[in-house]
Amino acid sequence: MSDELIDRVFGREGLIARFHENYEYREGQVEMAAHVADAFHARKHLMVEAGTGTGKTLAYLVPAIAAAVGQKTRIVISTGTKNLQEQLMEKDIPFLKKVLPTKFTAAYMKGRSNYACLYRITKAEDQPVLDGLDQIDNFRKIARWVKETETGDRRELVDLPENLPFWNRINARGEICIGQKCPDFEPCFITRMRNRAEAADIIVVNHHLFFADLSVRGNQFGKVIPDYGAVIFDEAHLIEDIASDYFGSQVSNFQIDELVRDIDGLPIHDPVVTRELTKLAAKVSGLSETFWMRFSQAKFDGRYPLLPDAFAYRNSLGGTDPTALGEAYEALDNALKSLEKETDGFAADMPEAESLLKRTRQARFDLEFIATQTERNFVYWIERRGKGIYLRASPVDVSELLREKLFEKVETCILTSATLSSGGSFNFIRERLGLDTAKTNAFTAPSSFDHERQAVLYLPKAMPDPRSNEFTQLAAGEIVKILQVTNGHAFVLCTSNFSMNALYELVSSRVNFPCFVQGSMSKAGILDRFRTTKNAVLFATTSFWQGVDVQGDQLSCVIIDKLPFAVPSDPIVAARSRFIDDQGGRSFLDYSVPQAVITLKQGIGRLIRSRTDRGVIAILDPRLRTKPYGRQFLESLPRMRIVSDPEQIREVLTSL
Ligand code: SF4
């Protein structure tokens with residue numbers, strides 16, 4: 001795509017300007033489009049940091065469409081969230097279809113669990129999957145809907161609750177799909193989704209689907225996304241964690257419960273065999289319960305390390321210990337082995353039994369992988385979420401895997417995000433993801449926002465170390481002073497649930513503004529309340545640091561309690577740090593600091609969302625000024641005036 005063409009599209013009198021009444025010419029957007037077009041032309045990788053307001057979506061979409069059509073190759077666009085995926089399909093792509101003279105086709109693909117399974121819905125009509133009568137109406141609605149919908153995407157079911165208890169039993173998840181043996185294979189929504197994607201120039205997916213697909217790509221089986229010539233990752237700062245999830249192994253109590261439930265669902269009509277299978281199901285169920293009960297250290301939601309000798313068979317004195325995890329594991333493994341043997345007998349003639357056999361084998365394989373902990377490049381850990389207990393193994397370093405499976409196989413990968421660099425350098429993300437320096441260009445698109453004019457940075461004069469006892473009390477005092485100046489209109493972004501709740505308690509009783517705290521309702525619900533309530537203040541943690549967009553005066557203050565370092569005791573963070581140290585690196589400076597810089601930039605990015613926004617960013621952590629690494633944080637932020645007295649905030653805000 002030549003400069004002339006880019007000008008024809010993005011220029012002041014260009015095609016977009018003609019169709020978009022609010023279009024503003026943005027230098028950063030034009031430069032980014034030119035760099036993306038070059039990367040396609042030179043068949044190189046590219047990292048682009050494009051802050052809010054650059055218009056990065058169109059800046060990569062336009063050259064991607066030109067390359068897909070011109071080079072006759074399929075291009076995948078992978079987004080960090082389903083929301084962004086939907087925005088591309090519903091807003092940006094239809095707009096470009098109207099504006100660009102080039103004709104192109106686009107399709108979206110989501111993870112299989114978003115789609116209904118026709119086969120299982122038909123079966124469920126005779127074999128109940130519902131736990132309560134109140135679900136009957138919802139099931140009937142779904143059964144009617146699948147006869148009319150083109151996509152089978154559950155997002156269309158807007159009237160049904162988000163958490164449908166039985167959805168997991170009627171969706172099109174890969175583990176329980178019987179594939180080409182299915183009588184509904186042709187009209188299956190997954191088959192239709194694949195067919196649409198096969199015919200498309202541009203396929204829009206999300207990172208979860210992309211890496212789930214990449215992890216099974218070598219072996220054809222399970223692959224969902226059609227072959228592609230290039231990939232664009234939006235919100236690319238999320239890639240490392242998501243890739244690490246999909247290149248690992250996992251077993252959960254839910255997974256074993258589901259195997260047990262599906263034994264009952266096998267269409268076997270011989271009463272003797274059925275009785276035997278029911279006995280076996282009861283045995284697996286009982287042993288599974290005993291096994292999961294052993295994880296008593298995971299009492300609360302969170303992530304815990306799985307110690308290397310966790311599956312010890314004997315107690316510390318060397319005697320047999322009937323309460324040891326190793327004993328419980330062996331008993332469960334033996335029961336699963338019996339299940340494997342039983343289902344093997346039916347697998348050839350009964351696709352349901354074949355699927356059950358495969359899942360049992362996989363569960364045994366994953367359990368053994370996690371129990372033996374022989375793969376040294378993996379970290380082994382437990383996660384507790386509500387009633388779920390998950391045993392997991394994740395690669396400590398994904399750079400080699402990504403290099404081998406992605407960056408050396410696909411000629412052009414474009415990685416973009418509002419936050420990719422730290423201290424002006426892309427080295428951190430390049431090394432974490434395994435991008436070859438010679439084959440990868442990097443570029444920072446200039447923002448169209450003028451932070452120096454639109455925002456002020458408040459750093460209080462005297463705050464104690466954030467680990468000290470008095471920090472929370474004094475932070476609450478600072479927050480109250482700031483809110484009095486800004487009249488609320490604020491996000492207080494915290495680094496832990498503990499700080500969030502403590503600050504909410506301390507501050508909400510001392511101000512007259514409506515205060516909300518994350519967790520008191522759904523994320524969408526609380527955001528809606530914040531947007532529609534005058535002078536509101538929202539106390540939040542991790543999930544509000546990114547992907548949240550509130551424009552205008554309603555959000556004119558973002559307060560950050562502490563520098564967002566990842567929790568060092570988190571099993572993955574600890575394993576990555578150890579790995580870097582063992583290789584002769586300095587994990588704090590090479591990993592913890594740049595990672596926290598990127599998170600801080602995400603948090604700060606919540607404030608200025610348009611050229612007319614203005615406001616204050618307050619960072620209450622004194623380490624920004626007192627520690628040598630504080631400079632790296634300050635140098636990574638947009639240029640802003642710095643003040644240290646709340647009254648100065650008032651003066652600056654009135655002059656902005
Ligand atoms: S092919 Fe698989 S997902 Fe599709 S309807 Fe059949 S069982 Fe369900």
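Please read these numbers as outputs of a predicted model, since none were measured by experiment. In each ligand, atom 1 is the first atom listed, and ligand 1 is the first ligand listed.
The ligand atoms of ligand 1 that sit less than 4.0 angstrom from a heavy atom of Arg112 are 3 (S). Against a heavy-atom cut-off of under 4.0 Å, Leu118 is close to the following atoms of ligand 1: 5 (S). Applying the 4.0 Å criterion to heavy atoms of Ala172 picks out, from ligand 1, the atoms 3 (S). Those atoms of ligand 1 that come under 4.0 Å of a heavy atom in Tyr119, given as number and element, are 5 (S), 6 (Fe), 7 (S).
A cation-pi geometry, defined here as NZ or CZ lying under 6.0 Å from the six-membered ring centre and within 45° of its normal, holds between Lys523 and Phe544. Cation-pi geometry between Lys110 and Tyr115 is not met at under 6.0 angstrom from the ring centre and within 45 degrees of the axis.
Among all non-hydrogen protein atoms, the one lying nearest atom 8 (Fe) of ligand 1 is Cys117 SG, 2.3 Å.
Metal site remark for atom 6 (Fe) of ligand 1: Cys177 contributes no N, O or S atom at a distance under 2.8 Å. Distances from atom 8 (Fe) of ligand 1 show that Cys188 has no N/O/S atom below 2.8 Å.
Side-chain contact of Tyr108 with Asp153: a donor-acceptor pair under 3.5 Å is present, judged by distance alone.
Between Phe210 and Tyr228, the gap from one ring centroid to the other is short of 6.0 Å. A centroid separation of less than 6.0 Å is found between the aromatic rings of Phe369 and Phe378.
By the criterion of a heavy-atom distance under 4.0 Å, neither the backbone nor the side chain of Arg120 is placed next to ligand 1.
Considering each of Cys182, Ala116, Pro183, Gly179, the one bringing a non-hydrogen atom nearest atom 6 (Fe) of ligand 1 is Cys182.
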Checklist entry - For Ile176 and Asp262, what are the C-alpha separation, side-chain angles and deciding distance, and is it a side-chain contact (heavy atoms from CB on, under 4.5 Å)? => result CA-CA 10 Å; Ile176 40 174; Asp262 289 353; 4.2 Å; yes

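Look at Gln180 and you'll find every heavy atom at least 4.0 Å from all atoms of ligand 1.
Counting heavy atoms from C-beta outward, Val224 and Val216 have side chains that stay 4.5 Å or more apart.
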